[in-house]
Number of protein chains: 2
Amino acid sequence: MAVASSISTRIINAVLSQKLKPGARLGEQELATLFQCSRTIVREAMVDLAARGIVIVSPRRGWYLPEVNVEMARELYDAREIIETGLLRAFARRKETLDAATLARLRLHLAEQKSALESEDVERRSYLLGDFHVCLAQCLGNQVLASKLRDLTVLTTLFTMRHQTPSDARLSYEEHAAVVDALASGNASEAEHCMCQHLGTWEAKVHLVREHDPLEKLRQALTSPKDLPPQVSRTAGVAKADEGDI
Amino acid sequence: MAVASSISTRIINAVLSQKLKPGARLGEQELATLFQCSRTIVREAMVDLAARGIVIVSPRRGWYLPEVNVEMARELYDAREIIETGLLRAFARRKETLDAATLARLRLHLAEQKSALESEDVERRSYLLGDFHVCLAQCLGNQVLASKLRDLTVLTTLFTMRHQTPSDARLSYEEHAAVVDALASGNASEAEHCMCQHLGTWEAKVHLVREHDPLEKLRQALTSPKDLPPQVSRTAGVAKADEGDI
DNA sequence: CATTCATATCTTGCATACAAGATTGAGTGA
DNA sequence: TCACTCAATCTTGTATGCAAGATATGAATG
C-alpha cells in the first residue's frame, strides 16, 4: 500500500527523531507487514537508503542502521563543516542578501525549535535541530548539497544520539539562532563563523568520547545485546550500553 | 550473472568515459540481457543510481541519464568547489603533509592522465580527468565526501561532455598537476587556490553557455530526437544536438 | 560437562509471472 | 487532409515462489 520513497522517508525521520537507534534491525517482512506492501517495495527502500549510506546490509542476515564509530563520526563532522561553512562562504562571496520570505522560513523554523525545546518534546526537538541544517542549506540555494547534507545529518544523528543532553539541545538552538541573526543583518561571514563554531563544539565532543572514556570500545566489544549486528561488531551494542545496563 | 553493484559501476564508468550521453535510455530488459541477469538485479542497480541522482525514472517509461541543464550545472560546480576546496582548506589547517605513498599515488594518476592525453585516448582521458578529483579527495582522507564527490563528478561530466575540447583537456591536466605540485611542496593553501581556479574556469564556462549562445535553450526545446525523455523535455535532445544535425 | 554435528527454522537473494500505464499506428469519420 | 479512437505492443511496477545462506536448537559423542 505504501511506495518505497515513503518508507525510506519514514525511516529517515525516525532516525532524526531518535526513534530508531544505531544497530537497529530493519527486517524486510516486518516492514512489509507494517506498511502493508510486499517485500519488493521494502527492498527498494532499503537499496535506496543503502546507496545513501543510511543502512547497511549483512548478506542473508538483514538490514541494519549503522553503528557510527568515532573515526566515521569525525569524517562526517568534517564533511558537514566543509559543506555548511562552504555554503555560507559562497553566499557571502556572492554578496547577496536573503529575501524576506526565506528569512521568514528560517525564523519560523527557529520558533518551532524553541517550542519543541520548551515543551520538552524530545523527538520533535531532535528532528528539528537536525533538520535546521538541511533547511538552511536549501535556503542558501543549493538543493544538490542540501540533499547530500541530509544524509550526512542522519548519520551524525546516529552518532550523537548517545551523547546529547537537554543542555546540549538548548545550546544548539542558540547557536542556530546566532547564525540566522547574522544572516538577517546581512553579515554572512559572521554567519559562517557562527556555524563553524557550532559544528566545532560537536566535533570536539567526538574527540572527547575517546579521551574521556578510553574503555568505551572495550566495553562495547564485550557487550552482548540480543540483536548483535555482525559486521560492525567492534562497536555493537552501544545503543543498549547507555541505557544503564552496564 | 552480474551483481547490481557491478552494473551501476559500469554505468558510472561509461558516463565518466563519455560512452553514455545525457538523455540516454537505460532499458531494464536490455541491461538484463547484456549482463545476463534478471530485471530484478537491473532494477536494484537503477534504484541505487537514482538514489545518488545519476539516473532518473520516468514512470512506466524507463530510466534515463539526466539532461543536466545550466542551472543544475551551476549548482553542481558550486557544490564541487565547496567540497574540493573545503577538503584542501581543512587539510591545510591540519598542517599535515601527504605521506610518500599517497603522493606517489597522485603522481601516478597524473602520469596516466598525461599518457591518455598524448595517446589521444579520448575515453580514458575523460575518465581519468574526472576520476582525479575523486582520487584526490580519497587521498585527503575523507572517504564519505569522496563518495559524494564521485556522484557529483558524474553529473558534471554529463554536462561538460557537450563542450570539452582537447585543449580543455590539456589545460585540466596542467591544473591538476599544479595542485599536486603545491601539495608536494607542502603548500596546501596554494593547492586550494589552484583547485579553486581550476574549477572556476569550468564554472565560468557554464555561464558562457548561456551568454554566448542565447538560442541554445530554444534550439534544445525544438529538437526532436528519437527517445525524448519526457519530464525534462525542456533540455531534451542535447546529446543529439551537438552531433551536427542542427 | 563441553564440543561437535545435524537439522529445523528464519531471512534474504533472485527469477518469474502477471498487472497496468504509455506509446504507437492503423483505421475511421468529418 | 486532419483529427480522433481504439487496439496492439512495449515497458515498467509489484507480488510471489523458490533457492540458499545464516542462525538456533538439540541430540549424540568424547
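In what follows, chains carry the letters A, B, and so on, assigned in the order in which the sequence lines appear, proteins first and then strands, with residues in each chain numbered from 1.
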Give a yes or no answer on whether the side chain of A/Arg25 reaches the backbone of A/Arg61 with a donor-acceptor pair at less than 3.5 Å.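 Yes; judged by distance alone, with no hydrogens or angles, the pair exists.
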Please confirm whether the backbone N or O of B/Gln29 pairs with a side-chain atom of B/Thr33, one donor and one acceptor, at under 3.5 Å?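 Checking the backbone N and O of B/Gln29 against the side chain of B/Thr33, a donor-acceptor pair under 3.5 Å is found.
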At a heavy-atom distance below 4.0 Å, what parts of residues 39-48 of chain B sit against DNA chain D?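 B/Arg39, B/Arg43 - these, ordered by number, are the residues of the stretch whose heavy atoms sit under 4.0 Å from the strand.
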Taking only distance into account, with no hydrogens and no angle test, what donor-acceptor pairs under 3.5 Å do side-chain atoms of residues 13-20 of chain B form with protein atoms, sequence neighbours excluded?
{"unit_1": "B/Ser17", "atom_1": "OG", "unit_2": "B/Asn13", "atom_2": "O", "d": "2.8"}
{"unit_1": "B/Gln18", "atom_1": "NE2", "unit_2": "B/Ser126", "atom_2": "OG", "d": "3.1"}

Please tabulate, for the side chains in residues 136-149 of chain A, all donor-acceptor contacts under 3.5 angstrom to protein atoms that are two or more places apart in sequence or on a different chain.
{"unit_1": "A/Gln138", "atom_1": "OE1", "unit_2": "A/Arg105", "atom_2": "NH2", "d": "2.6"}
{"unit_1": "A/Asn142", "atom_1": "OD1", "unit_2": "A/Val144", "atom_2": "N", "d": "3.2"}
{"unit_1": "A/Asn142", "atom_1": "OD1", "unit_2": "A/Leu145", "atom_2": "N", "d": "3.0"}
{"unit_1": "A/Asn142", "atom_1": "ND2", "unit_2": "B/Glu75", "atom_2": "O", "d": "3.2"}
{"unit_1": "A/Gln143", "atom_1": "NE2", "unit_2": "A/Gln138", "atom_2": "O", "d": "3.4"}
{"unit_1": "A/Ser147", "atom_1": "OG", "unit_2": "A/Val144", "atom_2": "O", "d": "3.3"}

In whole Å, I'd like the distance from the CD atom of A/Gln36 to the C1' atom of D/dA15.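 Rounding to the nearest Å, CD of A/Gln36 and C1' of D/dA15 are 15 Å apart.
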Contacts of type side-chain contact (heavy atoms from CB on, under 4.5 Å), residue A/Thr40, not counting sequence neighbours: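 Here the qualifying residues are A/Ser38.
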B/His198: which of B/Glu203, B/His176, B/Glu81, B/Glu84 passes side chain to side chain donor-acceptor pair (under 3.5 Å):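 The residue from B/Glu203, B/His176, B/Glu81, B/Glu84 that satisfies side chain to side chain donor-acceptor pair (under 3.5 Å) with B/His198 turns out to be B/His176.
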Ion pair present between B/Glu112 and B/Arg124, side-chain N to carboxylate O less than 4.0 angstrom?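 Salt bridge between B/Glu112 and B/Arg124, a charged N being under 4.0 Å from a carboxylate O: yes.
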Restricting both atoms to N or O, compile the protein contacts to nucleotides 5-11 of chain C shorter than 3.5 Å, with distance only.
{"unit_1": "C/dT11", "atom_1": "O3'", "unit_2": "A/Arg25", "atom_2": "NH2", "d": "2.8"}

Identify each donor-acceptor pair in which a side-chain atom of residues 44-57 of chain A lies under 3.5 Å from a protein atom, sequence neighbours left out, and give them as a table.
{"unit_1": "A/Asp48", "atom_1": "OD1", "unit_2": "A/Arg52", "atom_2": "NH1", "d": "2.9"}
{"unit_1": "A/Arg52", "atom_1": "NE", "unit_2": "A/Asp151", "atom_2": "OD1", "d": "3.2"}
{"unit_1": "A/Arg52", "atom_1": "NE", "unit_2": "A/Asp151", "atom_2": "OD2", "d": "3.3"}
{"unit_1": "A/Arg52", "atom_1": "NH2", "unit_2": "A/Asp151", "atom_2": "OD1", "d": "3.1"}

